[in-house]
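Let me begin by presenting the structure, written as structure tokens, before commenting on it.
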Amino acid sequence: MPNSIIALYMISFSLAAAAVWELLEFAGDKLFSFTAQGRDPDDTMIDMIMGLLGGSITAFAILQLRRRGQKSER
């Protein structure tokens, strides 16, 4: 697979995981009167941005490792 597709998949997966986490926080807040979201939309956005950053950093690191592995095979 091309590296760009792998990176896109990794970033999309991390954003999907962050979205599921936010849904669970929302459900916990509504069903059990938790305050996981901090009563403010900034918490949700910060969590999503951190998911994007984490996925991007991981994708970059994995692609660098793949490139090194391809060079060593030659």
Side-chain angles (χ1 to χ4, degrees):
M1 289 185 106
N3 286 339
S4 58
I5 299 297
I6 293 170
L8 180 64
Y9 177 80
M10 292 176 73
I11 293 169
S12 298
F13 186 84
S14 69
L15 285 173
V20 168
W21 178 259
E22 289 305 318
L23 289 171
L24 291 173
E25 280 186 353
F26 179 77
D29 286 353
K30 294 297 179 187
L31 294 173
F32 305 110
S33 300
F34 293 158
T35 57
Q37 291 184 317
R39 304 279 182 227
D40 147 9
D42 287 349
D43 176 68
T44 299
M45 292 312 300
I46 289 170
D47 288 349
M48 295 300 291
I49 290 168
M50 291 301 148
L52 175 63
L53 286 174
S56 299
I57 291 168
T58 302
F60 178 77
I62 294 297
L63 292 179
Q64 292 301 316
L65 290 172
R66 282 176 51 92
R67 285 187 187 124
R68 286 184 189 161
Q70 289 171 352
K71 285 181 184 177
S72 67
E73 290 176 2
R74 293 181 190 171

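For clarity, every value in this text was computed on a predicted model and none was experimentally measured.
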Next item on the list: Please list all pairs passing the side-chain hydrogen bond (donor to acceptor under 3.5 Å, both in side chains) test where one or both residues lie in residues 1-26, with sequence neighbours left out.
Entry: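 Only Asn3-Arg66, Trp21-Glu25, Glu22-Thr44 qualify under side-chain hydrogen bond (donor to acceptor under 3.5 Å, both in side chains).
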
Note to self: Please say yes or no: joined through hydrophobic side-chain contacts below 4.5 Å, possibly via intermediate residues, are Met10 and Met1 part of one cluster?
What the structure shows: yes

Margin query: To check you understand the geometry: which heavy-atom pair defines the closest contact between Ala18 and Gly51, and what is its length?
Written below: CB-CA, 4.4 Å

Notebook entry, point to check: What heavy-atom pair brings Asp29 and Thr35 nearest, and what distance separates the two atoms?
Noted result: OD1-N, 3.4 Å

Notebook entry, point to check: Could you give all pairs that pass the ring-ring contact (aromatic ring centres under 6.0 Å, His included) test and reach residues 42-63, with sequence neighbours left out?
Noted result: none

Check: How would you list all residue pairs meeting ring-ring contact (aromatic ring centres under 6.0 Å, His included) that involve residues 33-54, not counting sequence neighbours?
Finding: Phe32-Phe34

Checklist line | Connected-component partners of Leu24 among ILVMFWY, side-chain separation under 4.5 Å | finding: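 Besides Leu24, the hydrophobic cluster comprises Val20, listed by chain and residue number.
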
Check: Cluster partners of Met50, using ILVMFWY side-chain heavy atoms under 4.5 angstrom, listed by chain and number?
Finding: Ile46, Ile49, Leu53

Next item on the list: Go through the structure and list residues passing side-chain contact (heavy atoms from CB on, under 4.5 Å) with Leu52, not counting sequence neighbours.
Entry: Ile11, Leu15, Ser56

Check: Could you state the interatomic distance from CD1 (Ile57) to CD1 (Ile62), rounded to the nearest 0.5 Å?
Finding: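 That separation rounds to 12.5 Å.
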
